[in-house]
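Read the structure below first, then the notes.
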Amino acid sequence: MAKYEIAVIAGDGIGREVIPAAMDVLDVAADVTGAFELRWQRFDWGCQYYLDTGRMMPESGLSTLGQFDSIFLGAIGYPGVPDHLSLWGLLLPIRQHFDQYVNLRPVRLLPGIPGPLRDKGPDDVNFVCVRENTEGEYSGAGGRVHQGHPEEAVVQTAIFTRAGTERIIRYTFEYARRHGRRKVSSATKSNAINHSMVFWDEVFEKVAADYPDIQSDKYHVDALAARFITHPQTLDVVVGSNLFGDILTDLGGALQGSLGVPASANLNPEKRYPSMFEPVHGSAPDIAGKGMANPVASIWAGAMMLEHLGETEGARLVIEALEKTTAAREIITPDLGGSGTTRAFTEAVVRALRGL
Ligand code: NAD
Ligand code: IPM
Ligand code: MN
């Protein structure tokens, strides 16, 4: 039987509630298929660890994580620690260090969940966002001079490399081909951002020419944001830079009914390094500790992890159980208009998974 070593960083806020829930579901999937075992190792890193030690993770954190098959992460960041310190102390270094250059984020309305758009159901809201995940606006290059003085100046530089831009766009077309998707739409802003986004468009056009079987188009990101709302049915696969992809996928979460729904896979497609799976949402301090966080995003992220590990049947069963549970609407968390708890929803998914 296949055994997978999984590093778990539940992190902060509701990460500590939704990750254990998803782990329970994945363990049941392992049991039901009888095909694999997940060997979890928990790391208590995050904002409390920072307050105790002055670091978000130990100095050896990245090399420790490098020994695992996958990383399963909840959320990082909590009031009391500045967000740029917590995120640059833990989440963003993992994405960069392990060259997780693909951030795959499906935008799909699950059955039984009323989306916010009148007359748009699961048939209309069903596309995939591919976000560049290691450079662009999140390169971290820049600095401040004359700090605190009237002449203070700040530079934050977006870096787009040819290698980085080409590989994310090529991955997107390959993904479209592999999954029977027919169109790739590029998020640009080359009307105003006249260096990097003009370059992005050039690379997009060059790569698109290698895939005559896949349609391609591009939208300025402002118009694309509107299109998410007005014509979601015209989107199939969307590719965008790090920041554009970040913003568009919270909008995608809203289209899915709640930020408690969308999942995210940070992939190193070549499998040279571990990939990381997490919900799109953050630590939600406003509802943390109440037991009412929606675990759908984390369970879905868990299914994406199984898929990446090659456990296709397990992944399929988890998604089916999720869909059965949302379609029944007997237990739904408050963000989706219900009154169910994290635990009660999770138990319903487990029952569906066991065919009960
Ligand atoms: P957030 O995603 O944590 O919350 C936004 C809103 O969505 C809140 O009202 C919250 O209650 C709701 N929400 C989010 N997830 C939910 C769930 N599973 N069930 C029900 N409701 C849910 O975004 P934020 O408030 O901007 O960020 C809070 C903290 O999380 C910040 O420190 C931020 O930097 C961090 N953050 C971390 C990650 C990550 O680790 N991947 C992602 C996003 C934000
Ligand atoms: C996400 C989050 C992160 C991002 C933050 C917490 C740094 O918003 O995963 O979408 O912007 O990538
Ligand atoms: Mn985000």
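Read the numbers this way: they start at 1 and go in the same order the structure lists the ligands and their atoms.
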Atoms of ligand 1 less than 4.0 Å from Leu87 heavy atoms? 34 (O)

Would you say ligand 1 has an N or O under 3.5 Å from any N or O of Ser283? yes

CG/Leu235 to CG/Leu224 distance, rounded to the nearest 0.5 angstrom? 6.0 Å

Does one side chain, of Ser186 or Trp200, offer a donor that lies under 3.5 Å from an acceptor on the other? yes

Just do the side chain to side chain donor-acceptor pair (under 3.5 Å) check on Asn266 and Arg131 with the steps written out, would you? CA-CA 9 Å; Asn266 304 269; Arg131 167 189 181 190; over 6 Å; no

Is the count of non-hydrogen atoms from other residues, nucleotides or ligands lying under 6.0 Å from Glu59 atom CD greater than 12? no

Run down the list Ile14, Leu259, Asp286 and name the one with the heavy atom closest to atom 7 (O) of ligand 1. Leu259

Top protein contact for atom 19 (N) of ligand 1, by heavy-atom distance: Asn294 N, 2.9 Å

Apply side chain to side chain donor-acceptor pair (under 3.5 Å) to the pair Ser258 and Asp335, showing each step before the final yes or no. CA-CA 6 Å; Ser258 159; Asp335 55 311; 2.5 Å; yes

Going by the closest heavy atom to atom 2 (C) of ligand 2, which one wins out of Asp246, Ile76, Asn103? Asp246

Will you find, in the side chains of Glu135 and Thr161, an N or O donor that is under 3.5 Å from an N or O acceptor? yes

Mind checking whether Leu91 has a heavy atom under 4.0 Å from ligand 1? yes

What class does the angle between the rings of His179 and Tyr175 fall in, given that below 30° is parallel, 30 to 60° is tilted and above 60° is perpendicular? parallel

In Å, rounded to the nearest 0.5 Å, how long is the span from CG of Asn103 to CG of Leu267? 8.0 Å

Do me a favour and list the nearest non-hydrogen protein atom to atom 3 (O) of ligand 1 with residue, atom name and distance? Ala284 N, 2.8 Å

Is at least one protein non-hydrogen atom found at under 4.0 angstrom from atom 9 (O) of ligand 1? yes

Just to be sure I read this right, does ligand 1 sit under 4.0 Å from the backbone of Asp83, its side chain, both, or neither, counting only heavy atoms? side chain

Looking at Asp246, the N, O or S atom sitting nearest the Mn ion (ligand 3) is OD1

Rounded to the nearest 0.5 Å, how far does OH of Tyr49 lie from CG of Leu90? 10.5 Å

From CD1 (Ile19) to CH2 (Trp40), nearest 0.5 Å: 8.0 Å

What protein heavy atom lies closest to atom 1 (C) of ligand 2? Include the residue and the distance to one decimal. Arg105 NH2, 3.4 Å

Side chains of His308 and Lys271: closer than 4.5 Å at any heavy-atom pair? yes

Is there a protein heavy atom less than 4.0 Å away from atom 25 (O) of ligand 1? no

To atom 14 (C) of ligand 1, the nearest of Arg95, Met292, His281, Glu278 on a heavy-atom basis is His281

Is there a polar contact, in the sense of an N or O pair closer than 3.5 Å, between Pro285 and ligand 1? no

Establish, from distance only, whether the side-chain atoms of Asp99 and Thr134 form a donor-acceptor pair under 3.5 Å. no

Ranking Arg95, His281, Glu137, Glu278 by closest non-hydrogen atom to atom 9 (O) of ligand 2, top hit is Arg95

Does ligand 1 have any atom that is closer than 4.0 Å to a heavy atom of Val280? yes

Options Thr333, Thr342, Ile287, ranked by nearest heavy atom to atom 20 (C) of ligand 1, top entry: Ile287

In this structure, is the centre-to-centre distance between the rings of Tyr4 and Phe72 below 6.0 Å? no

With a cut-off of 4.0 Å, which atoms of ligand 1 are near a heavy atom of Ala75? 40 (O)

Aromatic ring proximity, centroids under 6.0 angstrom, Tyr273 and Tyr101: no

For atom 2 (O) of ligand 1, what is the nearest protein heavy atom, given as residue, atom name and distance? Gly282 N, 2.8 Å

Considering non-hydrogen atoms of the protein only, which is the closest contact for atom 7 (C) of ligand 2, and what is the distance? Leu87 CG, 3.6 Å

What protein heavy atom lies closest to atom 40 (O) of ligand 1? Include the residue and the distance to one decimal. Ile76 N, 2.7 Å

Ligand 2 atoms in contact with Tyr138 (distance to a heavy atom under 4.0 Å): 4 (C), 11 (O), 12 (O)

For Gly77, the atoms of ligand 1 under 4.0 Å from one of its heavy atoms are 32 (O)

